[in-house]
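Let me begin by presenting the structure, written as structure tokens, before commenting on it.
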Amino acid sequence: MIIMFTYIQIIDKDAHNFMGYVDYEFKNNVISMTLVRGMRKLHRINIPLSDITDIMVEEFYGTSRISFIYNTQKYIFLNSGYGENEYLIKHLTKAVKA
């Protein structure tokens, strides 16, 4: 099991934002995320990969940005480390193809 760490922004349908960091892992066709602020864990989110829509990979100010929609919320991941971006893309796109 590999646990990754990156910056995330979550925007809901009412334009409420969460901006901060997240630990995430893929297990049993689910992306499991723990939102963190500093050393404090805020909330755990489990998203079945089969329920994710609108995956987008794009360049954003010289770095990669990966986003998807789940349950009327947009999840945006910004690359923050070596290999993290490729890891996230690989697992998300594999789920879409399945």
Side-chain angles (χ1 to χ4, degrees):
M1 167 177 35
I2 297 174
I3 298 175
M4 302 299 274
F5 181 77
T6 195
Y7 182 80
I8 191 169
Q9 181 177 16
I10 303 170
I11 305 168
D12 69 15
K13 64 181 178 169
D14 298 321
H16 294 110
N17 287 340
F18 169 84
M19 292 181 280
Y21 288 92
V22 64
D23 290 331
Y24 70 92
E25 64 182 324
F26 291 93
K27 188 175 179 182
N28 299 324
N29 293 318
V30 170
I31 182 171
S32 182
M33 300 181 282
T34 303
L35 304 177
V36 294
R37 183 147 299 132
M39 296 298 290
R40 215 174 86 199
K41 294 182 179 188
L42 300 176
H43 183 66
R44 186 129 181 110
I45 302 168
N46 294 306
I47 301 174
L49 297 177
S50 59
D51 294 345
I52 290 174
T53 63
D54 303 305
I55 295 174
M56 186 181 305
V57 179
E58 59 191 339
E59 287 294 310
F60 181 73
Y61 290 105
T63 189
S64 294
R65 179 168 69 177
I66 303 150
S67 62
F68 61 80
I69 304 291
Y70 170 72
N71 198 22
T72 71
Q73 292 182 315
K74 184 171 188 173
Y75 293 78
I76 304 165
F77 295 81
L78 293 175
N79 183 18
S80 66
Y82 179 75
E84 183 271 329
N85 195 42
E86 291 80 12
Y87 177 82
L88 182 59
I89 292 169
K90 176 184 168 187
H91 282 80
L92 287 176
T93 55
K94 183 169 58 170
V96 169
K97 292 176 186 175

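Count residues from 1 along the sequence.
With values rounded to the nearest 0.5 angstrom, Lys27 atom NZ is found 13.0 Å from His91 atom NE2. With rounding to the nearest 0.5 angstrom, the CG atom of Asp23 is 10.5 Å from the CE atom of Met4. From Asn71, atom CG reaches atom CD1 of Ile45 across 10.5 Å, with rounding to the nearest 0.5 Å. Summarising the geometry, atom CD1 belonging to Ile52 is positioned 10.5 Å from atom CG belonging to Asn29; distances are rounded to the nearest 0.5 Å.
Between Phe77 and Tyr24, the ring-plane angle classifies as perpendicular under the 30° and 60° cut-offs.
With sequence neighbours excluded, the residues that form a side-chain contact (heavy atoms from CB on, under 4.5 Å) with Ile69 are Thr53, Asp54, Lys74. Under the side-chain contact (heavy atoms from CB on, under 4.5 Å) criterion, Val30 pairs with Asn46, not counting sequence neighbours. For Glu58, the salt bridge (Lys or Arg N to Asp or Glu O under 4.0 Å) partners at least two apart in sequence or on another chain are Arg65. The side-chain contact (heavy atoms from CB on, under 4.5 Å) check on Asn28 picks up nothing, with sequence neighbours excluded. In terms of the side-chain contact (heavy atoms from CB on, under 4.5 Å) criterion, residue partners of Asp14 (sequence neighbours excluded) are, by chain and number, Asp12, His16.
When side chains are defined from C-beta on, Phe18 does not count as touching His43, because their heavy atoms never get closer than 4.5 Å.
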Quick one: do Ile31 and Tyr70 satisfy side-chain contact (heavy atoms from CB on, under 4.5 Å)? Show the steps, please.
CA-CA 11 Å; Ile31 182 171; Tyr70 170 72; over 6 Å; no
Please determine whether side-chain contact (heavy atoms from CB on, under 4.5 Å) holds for the pair Thr6 and Leu88, giving the CA-CA distance in whole Å, both sets of side-chain angles, and the decisive distance to 0.1 Å.
CA-CA 10 Å; Thr6 195; Leu88 182 59; 5.7 Å; no
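Clustering of Ile, Leu, Val, Met, Phe, Trp and Tyr by side-chain heavy atoms under 4.5 Å joins Ile11 with Ile76.
Tracing side-chain contacts under 4.5 Å through hydrophobic residues (I, L, V, M, F, W, Y), one reaches Phe5 starting from Tyr7; they form part of the same cluster. The hydrophobic clustering, which links ILVMFWY residues whose side-chain heavy atoms are closer than 4.5 Å, places Val36 and Met19 together.
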